[in-house]
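Inspection log for the structure reproduced underneath, given as structure tokens.
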Amino acid sequence: QVQVVESGGGLAQAGGSLRLSCAASGRTFSNYDMGWFRQAPGKEREFVASISRGGGRTNYADSVKGRFTISRDNAKNTAYLQMNSLRPEDTAVYYCAASPIVGPTGRISEFPYWGQGTQVTVSS
């Protein structure tokens, strides 16, 4: 199985930017579609973005379209989430996840491999 570890979270001001990284190890990274999810206090975990194993197809939640960009570097076994124009409502723990399914729809059940999460806090 693949293991993933997130990094890059922290504190940002509204309108600012952060870049999250997701380092993978174990199985071949390019065999997995990758996704980012987030969970705010008192709320359910929600889909943020996903990227196909080759990087040619991406999918975003409406709430982050135009502000966040998901990417991956298979040579470095790493996926990224570039977050721009941050808003206080983006505050959450962000999780990286891997899916063996080709073209997952964003359901949590499609991603069996998860990291521990990284906190992102956006101040107004």
Taking salt bridge (charged side-chain N to carboxylate O under 4.0 Å, His left out) as the cut-off, I'd like each qualifying pair that reaches into [range], sequence neighbours left out, listed once.
{"range": "residues 92-114", "value": "Arg107-Glu110"}
{"range": "residues 66-84", "value": "Arg67-Asp90"}
{"range": "residues 3-30", "value": "none"}

Determine whether [X] and [Y] make a side-chain contact, defined as any pair of heavy atoms from C-beta on separated by less than 4.5 Å.
{"X": "Tyr32", "Y": "Tyr113", "result": "yes"}
{"X": "Phe37", "Y": "Ile108", "result": "yes"}
{"X": "Val48", "Y": "Tyr95", "result": "no"}
{"X": "Val4", "Y": "Met34", "result": "yes"}
{"X": "Pro104", "Y": "Phe111", "result": "yes"}
{"X": "Arg57", "Y": "Val102", "result": "yes"}
{"X": "Phe47", "Y": "Thr105", "result": "no"}

Residue pair [X] / [Y]: nearest heavy atoms and the distance that separates them:
{"X": "Arg87", "Y": "Ser63", "answer": "NH1-O, 4.0 Å"}
{"X": "Ser124", "Y": "Pro88", "answer": "CB-CG, 3.8 Å"}
{"X": "Ala79", "Y": "Trp36", "answer": "O-CZ2, 4.1 Å"}
{"X": "Pro112", "Y": "Pro100", "answer": "CD-CD, 3.6 Å"}
{"X": "Ala24", "Y": "Val2", "answer": "CB-CG2, 3.9 Å"}
{"X": "Val120", "Y": "Gly9", "answer": "CG2-CA, 4.1 Å"}

Backbone of [Y] reached by a side-chain donor or acceptor of [X] within 3.5 Å:
{"X": "Tyr60", "Y": "Ile70", "value": "yes"}
{"X": "Thr91", "Y": "Thr121", "value": "no"}
{"X": "Thr28", "Y": "Ser30", "value": "no"}
{"X": "Asp33", "Y": "Arg53", "value": "yes"}

Next on the checklist: Tell me which one of Thr118, Val5, Thr78, Leu81 satisfies side chain to side chain contact (heavy atoms under 4.5 Å, CB included) with Ser21.
Outcome noted: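 Of all the options given, the one that passes is Thr78.
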[atom2] on [Y] to [atom1] on [X], rounded to 0.5 Å:
{"X": "Met83", "Y": "Arg38", "atom1": "CE", "atom2": "CZ", "answer": "9.0 Å"}
{"X": "Gln119", "Y": "Gln39", "atom1": "CD", "atom2": "CD", "answer": "11.0 Å"}
{"X": "Ile51", "Y": "Cys22", "atom1": "CD1", "atom2": "SG", "answer": "11.5 Å"}

Next on the checklist: Take a 6.0 Å sphere around CD of Gln3 and say whether it holds more than 12 heavy atoms from other residues, nucleotides or ligands.
Outcome noted: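 Enclosed: over 12 neighbouring heavy atoms sit under 6.0 Å from CD of Gln3.
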Checklist entry - Should the pair Tyr94 and Phe68 be assigned to parallel (<30°), tilted (30 to 60°) or perpendicular (>60°) ring geometry? => result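 Tilted: the ring planes of Tyr94 and Phe68 meet at 30° to 60°.
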